[in-house]
Amino acid sequence: MSHGLQFSLLTTKPMSPTKLSPSSPAMFTLDKLQPDHFVFATLVKACASLGAPRQGKQVHARFVISPFCDDDVVKSSLVDMYVKCGLPDDAHAVFNSIKFKNSVSWTAMLSGYARSGRKNEAFEMFERVPVRNLFSWTALISGFVQSGNGTDAFYLFIKMRREGVDIGEPLVLSSIVGSCANLASLELGKQIHGLVIALGYESSLFISNALVDMYAKCSDIVAAKNIFGRMRRKDVVSWTSIIVGAAQHGRAEEALAIYDAMVSAGVKPNEVTFVGLIYACSHVGLVSRGRKLFKSMTDDYGISPSLQHYTCLLDLLSRSGHLAEAENVIQAMPFKPDEPTWAALLSACKQHGNMQMGTRVANQLLSLKPEEPSTYILLSNFYASAAMWEHVSKVRKLMAHMEVKKEPGYSCIDTGKESQVFHAGEPYHPLKDKIFGLLRELDGEMRRRGYVPDISSVLHDMDQQEKEKQLFWHSERVAVAYGLLKCVPGTVLRIVKNLRVCGDCHTVLKHISDCKQRNCCTRCQQISSF
DNA sequence: TTAGGGTTAG
């Protein structure tokens, strides 16, 4: 096939002009003009930026029956369009049809494999690129960051520096700052920040935005605020990054105050800003403010709520006990509820002890044949809290049948000199005795201060004492104890956990912070709050 | 006059 298109997609019907360009005259239908290669490339680019593969395929079909069907520039734009629409195989079919491949076509395809997580194909292609330049390095590194391969992205960045590639402009740096954020590695982030300053790019808007986000995600909200405060120009991404950062640190009032300042500064919020704001309200129970924001999103800014916005609203209502109203949101919303939507409601049913609604919601959730391990854990947890042990066993069997495996939890602490990873229990650590001695000492002190273990997050069918023992050596506590033993008094202990921190550990970390007069921060690498 | 790499949620 010379054009890389499936013929079943080929249509000679003109597409609706209102789809892509509602206000402009219809070139095909009114003026009877045929597009040339410039028009095709521009149209394809528009489809790429809209993420509109259906329209993109229609333009592609028009192109292959046009007199310009051999134009390599249009083909490069088609590769880019398919890549941006998440269709790397379609992109590759077009890429293969390009007669004279140049740096642009190679870069577009390379980016396609990297951003869709097709690591081996991306590396193979990178080996075959005729000329490696900053574009191809950036495509590979950024693609890996986007597909969650932060570690690979980082090693590639180091390799790029070792090969002496000139960073003539800073795009790659915003991606690599983003990878530090995703890895929640403050130390790496600080080093990259140093490099940004050394290369003279600190005032770049994209880089500053990425740095604000990175510091917030690496638990240093003070540094994030400092950078934000020093920015001479701020756009909607800058404001949204600091709002989301404050919200994730539980500073809802601050997030809302920043939002007010943003509106006063004349910056229009976008759909991400509202996700952050409703999230902030949800986590501190500001129900009426959250409701108003949801309404304001449409009324004042013309933003149609997405499924995610509805899930945020439902989370806000159900967490604060408005379960019936939350269920009504599901009935009334113009989307089919997905796994996170039902999961948010089920979690609230469990929290508020509404077993009747919870059982109904759990059935809905199971009918979706969930894929996320966390959903199965939630289901099992819900049934366990209702002492429905047969259902717990069924969920466990379903997990085994579906080959769903719970990722083992671990916590990582960086002492400034070294980084250590701890799993629950950690029976072989050289400092095991000292760590558990300290945890026992802290446990006694906390109980004197009124701490009562919250065993509701322990899944298993076991007695109270055994459940408390399970909580006692959760990995984040082991990591905190290690930090207390190794770090200078007064140091902030930053712990990164791969899973969400359980309710009891939140309470325990607050108590430990009080007992030891320390600031203990935890950050989940996977923020799965909805 | 047309094509490639960048930041915020999930």
Side-chain angles (χ1 to χ4, degrees), chain A residues 35-46 48 63 68 71-81 83-84 91 94-95 98 101-112 114-115 129 132-146 148 160 167-179 181-182 201 204-214 216-217 224 227-228 231 234-245 247-248 262 269-280 306-309 311-312 338-341 372 526-530:
Chain A
D36 65 4
H37 49 309
F38 294 113
V39 175
F40 276 121
T42 310
L43 277 176
V44 173
K45 189 175 184 171
F63 167 68
F68 304 95
D71 189 281
D72 284 344
V73 169
V74 177
K75 287 183 184 175
S76 280
S77 70
L78 282 165
V79 172
D80 177 56
M81 184 273 292
V83 161
K84 290 196 173 133
V94 182
F95 176 78
I98 298 175
K101 298 176 180 66
N102 62 11
S103 170
V104 176
S105 30
W106 280 99
T107 307
M109 194 59 239
L110 190 56
S111 163
R115 67 167 77 186
V129 171
R132 282 185 191 180
N133 55 19
L134 185 60
F135 272 84
S136 40
W137 279 102
T138 308
L140 193 64
I141 292 169
S142 306
F144 279 157
V145 175
Q146 283 169 36
M160 182 186 112
I167 304 182
E169 44 79 44
L171 275 79
V172 71
L173 294 174
S174 43
S175 274
I176 213 68
V177 171
S179 83
N182 294 337
Y201 292 126
S204 150
L205 179 65
F206 270 97
I207 303 281
S208 304
N209 287 348
L211 285 169
V212 168
D213 177 60
M214 182 275 289
K217 289 212 171 94
I227 293 182
F228 178 79
M231 286 171 73
K234 299 179 180 91
D235 67 358
V236 62
V237 176
S238 333
W239 288 96
T240 302
S241 300
I242 196 72
I243 286 171
V244 170
Q248 288 177 342
M262 171 184 175
N270 66 14
E271 65 285 0
V272 184
T273 320
F274 283 101
V275 170
L277 288 167
I278 303 170
Y279 171 94
S306 66
L307 175 58
Q308 196 184 354
H309 290 111
T311 304
C312 280
D338 63 359
E339 207 176 314
T341 315
E372 284 296 316
Q526 299 173 348
I527 296 176
S528 50
S529 310
F530 302 122

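Below, chains carry the letters A, B, ... as their sequence lines are ordered, and counting in each starts from 1.
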- Task: Taking side-chain hydrogen bond (donor to acceptor under 3.5 Å, both in side chains) as the test, write out the residues that go with A/Asp36, two or more places apart.
- Result: none
- Length of the CE-C1' vector between A/Met231 and B/dT8, whole Å: 11 Å
Just distance, no hydrogens or angles: give the donor-acceptor pairs under 3.5 Å from side chains in residues 133-143 of chain A, sequence neighbours left out.
unit_1	atom_1	unit_2	atom_2	d
A/Asn133	OD1	A/Phe135	N	3.1
A/Asn133	OD1	A/Ser136	N	2.9
A/Asn133	OD1	A/Ser136	OG	3.1
A/Asn133	ND2	A/Ser103	OG	3.3
A/Ser136	OG	A/Asn133	N	2.8
A/Ser136	OG	A/Asn133	O	3.0
A/Thr138	OG1	A/Leu134	O	2.5
A/Ser142	OG	A/Thr138	O	2.7
A/Ser142	OG	A/Ser175	OG	2.8

- Select base, sugar-phosphate, or nothing to describe what A/Val272 touches, counting heavy atoms under 4.0 Å on all strands. base
- Length of the line joining A/Phe68:CZ and B/dT1:C1', which is rounded to integer Å: 13 Å
- Atom CD of A/Gln308 and atom P of B/dG10 are separated, to the nearest Å, by 6 Å
- Message: Please report the distance, rounded to the nearest Å, between CD in A/Glu372 and P in B/dG10.
- Response: 13 Å
- Query: Along nucleotides 2-7 of chain B, 5' to 3', which nucleotides get a B, which get an S, and which get a -, given that the test is a protein heavy-atom distance under 4.0 Å?
  - Reply: BBBBBB
- Task: Could you pull out all residues at least two apart from A/Ala41 that satisfy side-chain contact (heavy atoms from CB on, under 4.5 Å)?
- Result: A/Val74, A/Ser77
- Message: List the residues meeting side-chain contact (heavy atoms from CB on, under 4.5 Å) with A/Ser179, not counting sequence neighbours, and say none if there are none.
- Response: A/Val145, A/Phe154, A/Ile176
- Message: Strictly below 4.0 Å, N to O, side chains only: are A/Asp71 and A/Lys75 in salt-bridge contact?
- Response: no
- Message: I need the CG-P distance between A/Leu277 and B/dA9, as an integer number of Å.
- Response: 13 Å
- Can you name the side-chain contact (heavy atoms from CB on, under 4.5 Å) partners of A/Thr42, sequence neighbours left out? none
